[in-house]
Each structure stands twice: as structure tokens, then as C-alpha cells.
Amino acid sequence: MYRKLASLLDPVPSDIDIAQSVECLPIQEIAAQVGLRPEELIPYGNTKAKVSLAVRERLSERTNGKYVVVTAITPTRFGEGKTTTTVGLSQALGAHLGRRVFTCVRQPSQGPTFGIKGGAAGGGYSQIIPMEEFNLHLTGDIHAITAANNLLAAAIDTRMFHESTQSDERLFARLCPKDKDGKRTFAPIMQRRLEKLGIEASDPDALTAEQKRAFARLDIDPETITWRRVLDTSDRFLRGITVGRGRKEKGRTRETGFDIAVASEIMAILALTTDLADMRARLGRMVIGSNKQGEPITADDLGAGGALTVLMKDALMPNLMQTLEGTPAFVHAGPFANIAHGNSSIVADQIALKLVGESGFVITEAGFGADIGMEKFFNIKCRTSGLVPNCAVLVATVRALRAHATETSEDASNSKAELLSGCANLRKHIENARSFGVPVVVAINHFTGDTDEEHALIREQALAAGASQAVVCQHWAKGGAGAVELGEAVIAACQQQPDFKPLYPLEASIKEKIETIAKQMYGSAGVDFSPEAEEQIERYTRQGFADLPICMAKTHLSLSHDPKLKGAPTGFRVPVREIRASVGAGFLYPLLGEMSTMPGLPTRPGYYNIDIDLQTGRVVGLS
């Protein structure tokens, strides 16, 4: 069913050279191998396709496969290889151990691709291909999110402008204009606004003057607006902007800014929604701010929920691709792990679990370290999907653990004591994962220069901390063959019965949930809330949003909020400077410390290396 790589070069070539050296199987062949029917596939060329959600209903009676999440220790500049491990594990299970398998990963943002990180298709001989299509545009999902997000941003400022320049009567008349027969009608979406106001009417002319005012005038308080524009490029100069400076806007300016597109709530919704109707409901109830009476204003209040859904309808379907060894992969959604929950879509996981069946495996990846992506996977994604994970794989490397030996330096030396000190970070992440009631397998990602003694020390520390197994992997250099032992360890761990449980009950207060995450996941001594955060907590509680889960937005470079604190720090206090509500996505997200929602480009961005071969038309330099 799958294919093993015919030849492995040493030294290992560049990622893009490897990816382009392997001919992709036709996507229709990949689809047929996993049991998809032709009518369930919407090809985008020969190498990728969207998959209809109808397959999930067709296979609804089939038992799900095993559900495995890949996470990692706290990231460092040395790299841990989490996506590479995810792909290598899938190739090992499928091409070498004969198991039905599916990889489920996020679509990368152009920000990191052209900035500092590079692409996210994996690396070496463990990649999803074609990697240039994976990293650039794919099927246009991020563009759809950008368009939908910015349509809503335009609707907000436009509505405030027209309300400020028109009387109640004129505003109502323009929202419900007369048709050619002189009759006014409500657009279907306006019924949602009427129901919210408790107005029972089908004839606009039957409304009283007071009802017309309540219906037409949203009275948005500009100081409460949290909705920003987005762009899928790291552009630090758009973090703060002034809008409304055109002459025709008559001086009605306000301060706002841009986020990276993958930080949009619409991206989080794409990842957490379960079907078209659910997505329509979530998009409609997104809260953009409050009116001057303190009541939440939604996308449906603005009349935009239906239009947003139209822009997003095709993006709802997961994208089918393949690994170097021909195992199937879903690449779908890409919520930023710092700001959103950092996991690929629920619908992709649900479909994949049905396609692999009871004896198969779905390997999904959670963004950044276990304190971020894995915690949100368990507390947000699994809560929403109802899916129960069978195992967590925690990726670590010798070099990265050495970097956690001190609080102030990432210098890697060769002492055993330094590596042992850095293992505190590994032990804390194992403890965190096990607290959710699932077995943990540690994947020690082999790098050139590692020694057997170093691997043995890490394995000893991992097992002492409660890991089921800890194995050395060489999937970057050897593809699936280099992760066979990891595959066997995952199969064994998945035989255990998980006792999965979230970290906190939803009925706990907003502060209690934040403090639970900070103390139990990060090891903090407590939480300090700014006056702005205190006010937001009071408002969200009053508006009925206190029972939502918490999605902490913090640095990925430390278990704490401070990137300088390495290892497993203790005694620190977590500052919450602001809390935003992603009501459509279904969570509140506190911003900890100096957390930016728009990355900046480094002095030498990745785009310096990217070009096109004019003779062959191939992309070069993408990493």
C-alpha cells in the first residue's frame, strides 16, 4: 500500500532537494488506497485534493483508530523536529510496520515561511510532499480566512461611520430599503438581530420608532473593539495603525492594528468546527466588542455571518496530501499556537480516524511545547471534539535539553551535569502530559554528534519521570525506517487504557482556570492581573462567557511567560495584561507578558534564499 524510500543519501541533501527527488503518487491513488470514493474528492491538481465531510457520515458506524498527539519539550534555537517526528512516525507505522495510518498537521503561515522559521512540511527523509505547495498557498484556505476576517473588520468601521452620520429613521430606511413595489423587507440574517432583541415582527414598517432604533443602531463602543485586520505576512509596522484618515471619513479615526492571519479567530473556528452548520453558528456569534451599554456585539448583529460562511465554505474541507513514503496526510487549518490553540482541524482528525479504522493510527501534532499546544489540545480541542487521545509522544533532543541547563544561556557544552540539569524541562513536560491520564512516549530525535551515553541519560530520566518508553529516532536521515522503534513503542502505549481527563472544570471561574494552568502546567507561584484584565474578566463574566475554556497566549520559549527562564523554573508569577474573547471559536485568551500577535521579520529573512529556476520552473531555496 505504501512505499519505502529506495535510496537514502549521506550526507542528507536539503529538504527541498529531497522533496523534489520523489515523484508524488497521483492524489486519486492516495485517496483510493485509504478508502475514499471519487465523489468524495475535489482535486486541486494532481498532488492535493479537498475531501468532502460526507465521508465521515458514510463511515459513522466504523470504530475509530488510535489517536496519538505529538508534542515536544520547550522549543529552543536548536530545533526539536516535532513535525519531522510526526511524519517519520507515520511513515514507520505505515510503510514499515504495515499499519493503516494518517498524518494530521497544520498548514503553515507565510509569515514564518518567509521569515525566520521556514516551512513546516517536516524535514530530511520525513516530509509531506510536494513541500513547496504545502508551504505556499496550498488550496487557498488562509486566503479565505484573510478575506473573511477583513470583510468583518470593514463592516465594523463602516457601521460605526454610517451610524454617526445618519438619523435613526434614515439609518433604518437604508438597512431595510423599499423594493420596486415600495415594500420593505428584512434580510434573513436580520431575523437573528430581531430575535436577540426580543422583537417579533416580519414587516419592517410595523416596528415602533424605539424598536427601529434598537434594531438599526448597534452603538458600538470603539474602546471595546477587539477585532483587528489580518495579513499572512510578518509585518511589524502594521502592529499599530490609525484608520479613517481619508477625507470622506470626516475625521472619524481610531487606533487599531493587524494580526498575522493565522491568529484570526476565524482560523481558530476552522480548526474547531465540526460541520457547515456549526461553522455558520460560530462565525455569527463572534464578538467584536460591546455597545455603550456593555452588551456584546456579534458578526450576526453586523449582518456579516452568512457572507463570512460563504467565503469559508470550501476551506471547511480538509486537504489531502502524502508523505515521501506514500502515507496519507491531512493538512488543514493553522491556528497560531501562541495565540490560538495551535492544532489542526477536528474534522480532519474525525475523518482520518474513521478511514484508518479500529486497528489504525492517526498521528496529529500540537504546536510548540507541551505547555502550549498539548495543553490546548487536551483542554480545548478534545473537549470540543469529544475524541479521547490514546498516547502522547514527547520529542526531545540532546542539544535542546542542554540549552535548558541555565536560565540565561543557550550555549551547548558537553558536560553530563549540564544535560542532567536540562532534563528538568523534559521531566516537567512528562509530568504535565501524564496529569491528563494518557501514556507518554519520549522520542529522542537523533542529531549528528550525539553519543550513546547522552541518549541513555535522557532515557533514564524520562522513564524515572513516568514515560512509558523513551526511544532514539533517526527518521530525518532514514525516513520511516529510522522511526520503527518509536512506532513499536507507540503501538504498545496505545494498548493501555487511557484515563483521560481535562485539567479544570468549565464551571470554574475565569481566574481559577487561568491560575490552574499557570500553577500546574507552568509551575508558577501565582498570577497577577492588570486592571484592564480585571475589567475584562468582570465584563465577560457579566456577558455569560465565564464558562469558556482558557487559551493562554504566551511565549513558546519557556514554561513561563518569560523567554529568558529556561529549564523548569519555579517561584515566578505570571502577568496577565489583557484577556480577549474568541466567543465563536469558544475560548477566552489571556495575553501573558509581552506577547505579540503579529511577528516581525529578522534582519535576514528566509525569503533571501527563495527563488525559481527559470529553466525548470521549480522553486529553490525553500526550507
Side-chain angles (χ1 to χ4, degrees), residues 149-177 184-201 203-229 241-246 248-257 265 281-308 532 535-546 578-584 588:
N149 185 102
N150 293 343
L151 173 61
L152 184 56
I156 295 166
D157 287 303
T158 296
R159 185 59 170 264
M160 290 195 298
F161 172 76
H162 288 306
E163 287 189 24
S164 69
T165 57
Q166 298 177 50
S167 66
D168 294 345
E169 191 65 33
R170 179 177 288 274
L171 185 63
F172 181 82
R174 289 189 171 181
L175 285 170
C176 300
R184 299 185 192 277
T185 56
F186 289 119
I189 197 172
M190 292 178 174
Q191 292 297 331
R192 296 171 184 256
R193 172 77 179 159
L194 293 169
E195 289 171 11
K196 179 178 178 179
L197 296 171
I199 299 173
E200 295 184 11
D203 181 2
D205 289 324
L207 269 60
T208 66
E210 184 178 342
Q211 288 174 328
K212 288 179 180 179
R213 174 183 170 81
F215 167 79
R217 197 165 291 282
L218 300 182
D219 206 19
I220 298 169
D221 181 354
E223 296 299 319
T224 68
I225 295 173
T226 55
W227 197 264
R228 292 154 61 91
R229 287 157 174 84
I241 63 169
T242 303
V243 295
R245 293 181 60 85
K248 292 188 177 182
E249 281 60 63
K250 304 175 182 178
R252 288 173 172 82
T253 62
R254 72 178 183 91
E255 300 299 313
T256 181
E265 182 177 355
R282 287 174 178 270
L283 291 171
R285 66 173 179 259
M286 291 188 301
V287 172
I288 59 90
S290 302
N291 64 16
K292 292 176 182 176
Q293 292 73 48
E295 299 162 336
I297 300 298
T298 68
D300 272 349
D301 287 327
L302 286 156
L308 302 181
E532 182 181 7
E535 187 277 330
Q536 290 163 334
I537 289 171
E538 186 279 327
R539 183 196 313 154
Y540 296 146
T541 302
R542 175 167 35 86
Q543 292 176 342
F545 305 143
E578 180 184 351
I579 302 175
R580 298 181 186 176
S582 290
V583 178
L588 303 177

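Side-chain contact between Leu308 and Met286 is present, with heavy atoms from C-beta onward closer than 4.5 Å. A 4.5 Å side-chain heavy-atom check between Asp157 and Arg254 finds at least one atom pair inside the cut-off. For the pair Ile225 and Thr256, the minimum side-chain heavy-atom distance is 4.5 Å or more. With a 4.5 Å cut-off on side-chain heavy atoms, Arg228 and Arg580 count as touching.
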Given the rule in the side chain to side chain contact (heavy atoms under 4.5 Å, CB included) test, do Val287 and Glu265 qualify, once you have shown the distances and angles that lead to the verdict? CA-CA 10 Å; Val287 172; Glu265 182 177 355; over 6 Å; no
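Every residue meeting the side-chain hydrogen bond (donor to acceptor under 3.5 Å, both in side chains) condition with Gln166, not counting sequence neighbours, appears here in chain and number order: His162. Contacts of Arg542 classified as salt bridge (charged side-chain N to carboxylate O under 4.0 Å, His left out), with partners at least two apart in sequence or in another chain: Glu538. For Pro204, the side chain to side chain contact (heavy atoms under 4.5 Å, CB included) partners two or more places apart in sequence, or in a different chain, are Phe172, Cys176, Arg184, Phe186. With sequence neighbours excluded, the residues forming a side chain to side chain contact (heavy atoms under 4.5 Å, CB included) with Asn150 are Thr146, Arg229, Val230, listed by chain and number. Contacts of Arg252 classified as salt bridge (charged side-chain N to carboxylate O under 4.0 Å, His left out), with partners at least two apart in sequence or in another chain: none.
Once rounded to the nearest 0.5 Å, the distance linking CG of Asn149 with CG of Leu283 reads 10.5 Å. A distance of 11.5 Å separates CD in Gln536 from OG1 in Thr541, rounded to the nearest 0.5 Å. For the atom pair Thr165 OG1 and Arg170 CZ, the distance stands at 9.5 Å (nearest 0.5 Å). One finds the CG atom of Leu302 at 9.0 Å from the CD1 atom of Ile189 (value rounded to the nearest 0.5 Å). From Leu218, atom CG reaches atom CZ of Arg193 across 5.0 Å, with rounding to the nearest 0.5 Å. Here the straight-line distance linking atom CD of Gln211 with atom CD1 of Ile199 works out to 4.5 Å at 0.5 Å rounding.
Among all heavy-atom pairs drawn from Leu207 and Ala201, the shortest one is CD1-CB, 3.5 Å. Considering every non-hydrogen atom in both Asp301 and Pro296, the closest pair reads OD2-O, 3.9 Å. Heavy-atom minimum distance, Pro222 versus Met160: CG-SD, 4.1 Å. Across every non-hydrogen atom of Leu152 and Ala299, the tightest pair is CD1-CB, 4.0 Å. Nearest heavy atom pair, residue Gly244 against residue Thr253, reads O-CG2, 3.3 Å. Closest non-hydrogen pair, Ser290 versus Gln543, comes out as OG-NE2, 3.1 Å.
Environment of CD in Glu223: sparse, with no more than 12 heavy atoms of neighbouring residues, nucleotides or ligands closer than 6.0 Å. Atom CD of Glu169 sits in a sparse spot, with 12 or fewer heavy atoms from other residues, nucleotides or ligands closer than 6.0 Å.
In summary, Arg539 and Glu535 engage in a salt bridge, as defined by a charged side-chain N under 4.0 Å from a carboxylate O.
Between the side chain of Tyr540 and the backbone N or O of Leu588 there is no donor-acceptor pair closer than 3.5 Å. With hydrogens and angles disregarded, a donor-acceptor distance shorter than 3.5 Å links the side chain of Asn291 to the backbone of Gly294. Of the possible polar contacts, none joining the Asp168 side chain to the Ala214 backbone as a donor-acceptor pair under 3.5 Å is found.
Note on residues 285-294: pairs passing salt bridge (charged side-chain N to carboxylate O under 4.0 Å, His left out), not counting sequence neighbours, are Asp219-Lys292.
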